[in-house]
Amino acid sequence: MPDPMNSTTMLARSGRTDPGGKMTSRLDVPCSDELNDAFITISTLRSRPKAECIRESLEQDAWGALAIAQRRMGNHVAADHSECHIGMEEALAALATLHGISVQEYKDAVLERHAFGRLVMAVRMTRGAAKGHPTNSRGIL
């Protein structure tokens, strides 16, 4: 019998169609309880399923890293992933506009997210190194 005090149904997907098509492949990656809790918190704050928040984060990092690598080699991102062959300033202006904020506000938000994420990871790695866990050769993530 359903609990009348908890009648809210949380679906596994938001119902939005993804431009990449159906999500048929899986990435099963072990992670710490703290990272899992962080994504639970993010998904709760965004009122979206945890899987969508994780996928969005992975897509941003993967497509961004691919675009940077290809630009450095003189290529552009494959057309099926991005029709945008623009520079950094144009990309920042477009994204700021999509979020309804100024370019400087967008830059600050991205830098803040990146910096605090890196800081948390650096502290975790430093603590791990003190316990005998390996770090990379430059001590940088």
Side-chain angles (χ1 to χ4, degrees), residues 2-141:
D3 181 5
M5 298 299 287
N6 187 10
S7 60
T8 310
T9 301
M10 184 67 166
L11 302 175
R13 295 186 56 175
S14 67
R16 290 186 298 274
T17 301
D18 191 275
K22 287 188 175 184
M23 302 297 139
T24 57
S25 294
R26 296 190 59 85
L27 291 174
D28 294 317
V29 180
C31 68
S32 67
D33 289 338
E34 293 86 1
L35 182 59
N36 186 50
D37 291 345
F39 273 109
I40 290 170
T41 302
I42 291 167
S43 69
T44 301
L45 292 171
R46 292 182 181 172
S47 299
R48 294 176 55 203
K50 182 175 77 168
E52 284 188 11
C53 293
I54 293 170
R55 185 171 37 255
E56 179 181 273
S57 182
L58 290 171
E59 286 172 343
Q60 289 172 359
D61 287 342
W63 296 134
L66 178 62
I68 291 167
Q70 289 181 333
R71 287 178 73 88
R72 287 181 180 162
M73 293 185 303
N75 301 327
H76 292 287
V77 177
D80 61 339
H81 298 300
S82 173
E83 295 295 332
C84 301
H85 300 291
I86 61 176
M88 177 63 82
E89 290 304 316
E90 293 90 352
L92 289 170
L95 289 167
T97 301
L98 287 172
H99 286 281
I101 58 177
S102 72
V103 171
Q104 189 58 52
E105 288 172 317
Y106 186 81
K107 286 180 179 180
D108 291 345
V110 170
L111 180 60
E112 183 178 32
R113 177 180 171 194
H114 182 79
F116 281 106
R118 290 290 181 139
L119 179 61
V120 167
M121 288 304 299
V123 168
R124 291 177 59 105
M125 289 189 74
T126 302
R127 289 180 183 158
K131 294 178 183 177
H133 297 303
T135 59
N136 69 15
S137 61
R138 290 181 267 166
I140 302 173
L141 297 175

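What you see is a predicted model; the values in this text were computed from it and never measured.
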Next item on the list: Over all heavy atoms of both residues, which pair between Arg46 and Cys53 is shortest? Give the atoms and the distance, please.
Entry: CD-SG, 4.1 Å
Check: Quick one: CD on Glu112 to CD on Glu105, what's the gap to the nearest 0.5 Å?
Finding: 12.0 Å
Checklist line | Closest approach of Arg113 to Ser57 (non-hydrogen atoms, all atoms of both residues) | finding: NH2-OG, 3.9 Å
Note to self: Contact between Phe39 and Cys31 at the side-chain level, heavy atoms closer than 4.5 Å - yes or no?
What the structure shows: no
Check: Any side-chain heavy atom of Lys50 within less than 4.5 Å of one from Ile42?
Finding: no
Check: Does Arg48 reach the side chain of Glu56, with side-chain heavy atoms less than 4.5 Å apart?
Finding: yes
Next item on the list: Would you name the heavy atoms of Ser43 and Pro49 that are closest together and state the gap between them?
Entry: CB-C, 3.9 Å
Next item on the list: To the nearest 0.5 Å, tell me how far Ile40 CD1 sits from Leu35 CG.
Entry: 10.0 Å
Check: In Å, rounded to the nearest 0.5 Å, how long is the span from CD1 of Ile101 to OH of Tyr106?
Finding: 7.5 Å
Margin query: Return the CH2 to CG distance between Trp63 and Leu58, rounded to the nearest 0.5 Å.
Written below: 11.5 Å
Check: When you look at CG of Leu98, are more than 12 heavy atoms from neighbouring residues, nucleotides or ligands closer to it than 6.0 Å?
Finding: yes
Margin query: side chain to side chain contact (heavy atoms under 4.5 Å, CB included), that's the test. Do Leu92 and Glu89 meet it? Break it down for me.
Written below: CA-CA 5 Å; Leu92 289 170; Glu89 290 304 316; 4.1 Å; yes
Notebook entry, point to check: Atom CD of Gln104 and atom OG of Ser102: how far apart are they, to the nearest 0.5 Å?
Noted result: 6.5 Å
Check: Quick one: CE on Met121 to OG1 on Thr126, what's the gap to the nearest 0.5 Å?
Finding: 10.5 Å
